[in-house]
Protein chains: 2
Amino acid sequence: MDTQARFQELQAKLKAAGYRATPQRIALLKILAASTGHPSAMQIYEQLRRHFPTTTLATVYKTLTLLKEMGEVLELEFSGAENRYDGNKPHPHLHLVCVECQRIIDPEIAPLTHVSAQVAKTTGYQIVGQRFELYGICPECQTVQKKHSKGTHRKHSG
Amino acid sequence: MDTQARFQELQAKLKAAGYRATPQRIALLKILAASTGHPSAMQIYEQLRRHFPTTTLATVYKTLTLLKEMGEVLELEFSGAENRYDGNKPHPHLHLVCVECQRIIDPEIAPLTHVSAQVAKTTGYQIVGQRFELYGICPECQTVQKKHSKGTHRKHSG
DNA sequence: GTGCTTGCAAACAGTTTGCAGATAG
DNA sequence: CTATCTGCAAACTGTTTGCAAGCAC
């Protein structure tokens with residue numbers, strides 16, 4: 001689905017759910033639909049602020065919460081860092097996170113439905129969601145590391 | 001590996017890494033080795049406090065950080081809630097989280113090594129870690145729901 | 001003794017909330 | 001019109017940090 005179509009879908013669903021289409025919300029929907037890198041609330045806020053200098057992070061969070069509850073945004077939670085938001089593929093799927101530059105991409109793999117089915121059967125749990133992430137160093141960051149040839153930051157030298 | 005063996009392993013590694021074996025640390029290692037429910041820092045602290053009434057959360061966090069860096073504790077991050085710690089199987093593995101009582105168990109499944117291998121090949125990322133969680137409702141909480149026919153929250157003691 | 005470790009308090013980051021004024025429908 | 005929404009500030013939670021006193025080695 002392309003950016004424009006996703007934007008219009010989001011806009012229609014917002015309206016259908018009975019929410020008001022404020023200019024700030026419309027702009028946020030456009031940003032979300034156009035995003036590819038799974039932006040944080042702060043990143044969305046900074047884009048939004050270009051058009052609405054008076055807007056605040058709180059409003060961004062409120063709108064994201066709304067979209068989460070509508071099931072149109074997937075929130076990726078990180079305790080040590082900002083949460084990240086995916087408004088294009090709101091259903092859970094594999095994410096690949098670069099531990100250097102924090103970029104998050106969606107690698108194409110066959111769905112892993114058999115895992116949750118098997119676990120449901122063996123444990124008796126009723127499965128309601130999932131989260132699958134791989135962490136790695138993206139090709140770009142690998143190049144940077146080689147160029148500078150600075151060993152990765154080692155936190156503790158026993 | 002049983003609790004006692006894991007405790008002794010942790011203790012030996014702590015010493016081998018050059019850290020001091022304070023009574024608080026020894027007690028924390030015992031709690032970690034004996035834990036099955038993936039406790040939070042607060043839960044560890046409350047157990048620890050029974051034997052060391054003057055200890056603080058900060059010390060618990062410091063020790064957990066140390067063990068993380070040694071690779072002997074796995075930290076499961078949750079942005080909206082407390083992080084959870086696994087000192088028995090510190091390598092990444094599938095976790096099954098009950099969304100009602102927050103219990104976390106380790107279901108037995110075949111490892112998914114082929115996924116990371118395939119993603120590494122198709123994306124060029126150098127994979128350094130992973131996280132795979134399933135969320136569901138455990139059999140106990142399903143029963144509670146049926147009885148009360150309302151989504152009651154019941155804390156589960158791990 | 002030396003210097004790592006503890007315990008305390010205060011800082012910190014990201015997120016959420018309460019409320020008065022603004023505004024979409 | 002009026003109920004929802006915005007923007008501001010302050011609260012909140014879990015985690016981290018700085019430092020003086022304590023203790024393992």
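Reminder, nothing fancy here: chain letters follow the sequence lines and each chain counts from 1.
- Distance Leu64(A) CG to dT17(C) P: 14 Å, rounded to the nearest Å.
- Rounded to a whole Å, the CG atom of Leu57(B) is 10 Å from the P atom of dG14(D).
- Under the rule for a side chain to side chain donor-acceptor pair (under 3.5 Å), Lys89(B) has no partner lying at least two apart in sequence or in another chain.
- When the C1' atom of dT17(D) is taken as reference, atom CG of Leu66(B) falls 16 Å away, rounded to whole Å.
- Checking the phosphate oxygens (OP1, OP2) of dG7(C), a side-chain nitrogen or oxygen of Thr55(B) falls inside 4.0 Å.
- Under a cut-off of 6.0 angstrom, the local environment of CD in Glu140(A) is sparse, with at most 12 non-hydrogen atoms contributed by other residues, nucleotides or ligands.
- Using a 4.0 Å heavy-atom distance criterion, Thr59(B) is classed as a base contact.
- A search for salt bridge (Lys or Arg N to Asp or Glu O under 4.0 Å) contacts involving Lys62(B) returns nothing, not counting sequence neighbours.
- A donor-acceptor contact shorter than 3.5 Å links the side chain of Gln142(A) to the backbone of Ile137(A).
- Residue contacts shown for Ser40(B) are absent, as no nucleic acid heavy atom lies under 4.0 Å away.
- Residue Gln24(B) places at least one side-chain N or O under 4.0 Å from the OP1 or OP2 atom of dG7(C).
- If you check residues 74-93 of chain A against DNA chain C, the residues with a heavy atom closer than 4.0 Å are Glu82(A), Asn83(A), listed by number.
- The distance between atom CZ of Phe52(A) and atom P of dA24(C), rounded to the nearest whole Å, is 10 Å.
- One interatomic measurement links the two molecules: CG of Leu14(A) to C1' of dG25(C), which rounds to 13 Å at whole-angstrom precision.
- Nucleic acid contact class of Thr54(A) (heavy atoms, under 4.0 Å, all strands): sugar-phosphate only.
- Every residue was checked against the salt bridge (Lys or Arg N to Asp or Glu O under 4.0 Å) condition with Arg84(B), not counting sequence neighbours, and none meets it.
- An OP1 or OP2 oxygen of dC4(C) is reached within less than 4.0 angstrom by no side-chain nitrogen or oxygen of Arg25(B).
- We find that CD of Gln102(B) is positioned 15 Å from C1' of dT13(D), with the value rounded to whole Å.
- Atom CD of Glu69(B) and atom P of dC4(C) are 15 Å apart (whole Å).
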Listed pairs, N/O of protein and of nucleotides 18-25 of chain D, under 3.5 Å:
| residue | atom | partner | partner atom | Å |
| --- | --- | --- | --- | --- |
| dG18(D) | O6 | Lys62(B) | NZ | 3.1 |
| dA24(D) | N3 | Arg20(B) | NH1 | 3.3 |
| dC25(D) | OP1 | Ala21(B) | N | 3.1 |

Show the atom names and distances, to 0.1 Å, of all donor-acceptor pairs under 3.5 Å that link a side chain in residues 111-118 of chain B to residues at least two apart or in another chain.
| residue | atom | partner | partner atom | Å |
| --- | --- | --- | --- | --- |
| Ser116(B) | OG | Thr113(B) | O | 3.2 |

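- Residues satisfying the salt bridge (Lys or Arg N to Asp or Glu O under 4.0 Å) criterion with Glu133(B), sequence neighbours excluded, are Arg131(B).
- Residue pairs meeting the side chain to side chain donor-acceptor pair (under 3.5 Å) criterion with at least one partner in residues 25-35 of chain A, sequence neighbours excluded, do not occur; the list is empty.
- A search for side chain to side chain donor-acceptor pair (under 3.5 Å) contacts involving Gln24(B) returns nothing, not counting sequence neighbours.
- Rounding to whole angstrom units, OH of residue Tyr45(A) and P of dT6(D) are separated by 14 Å.
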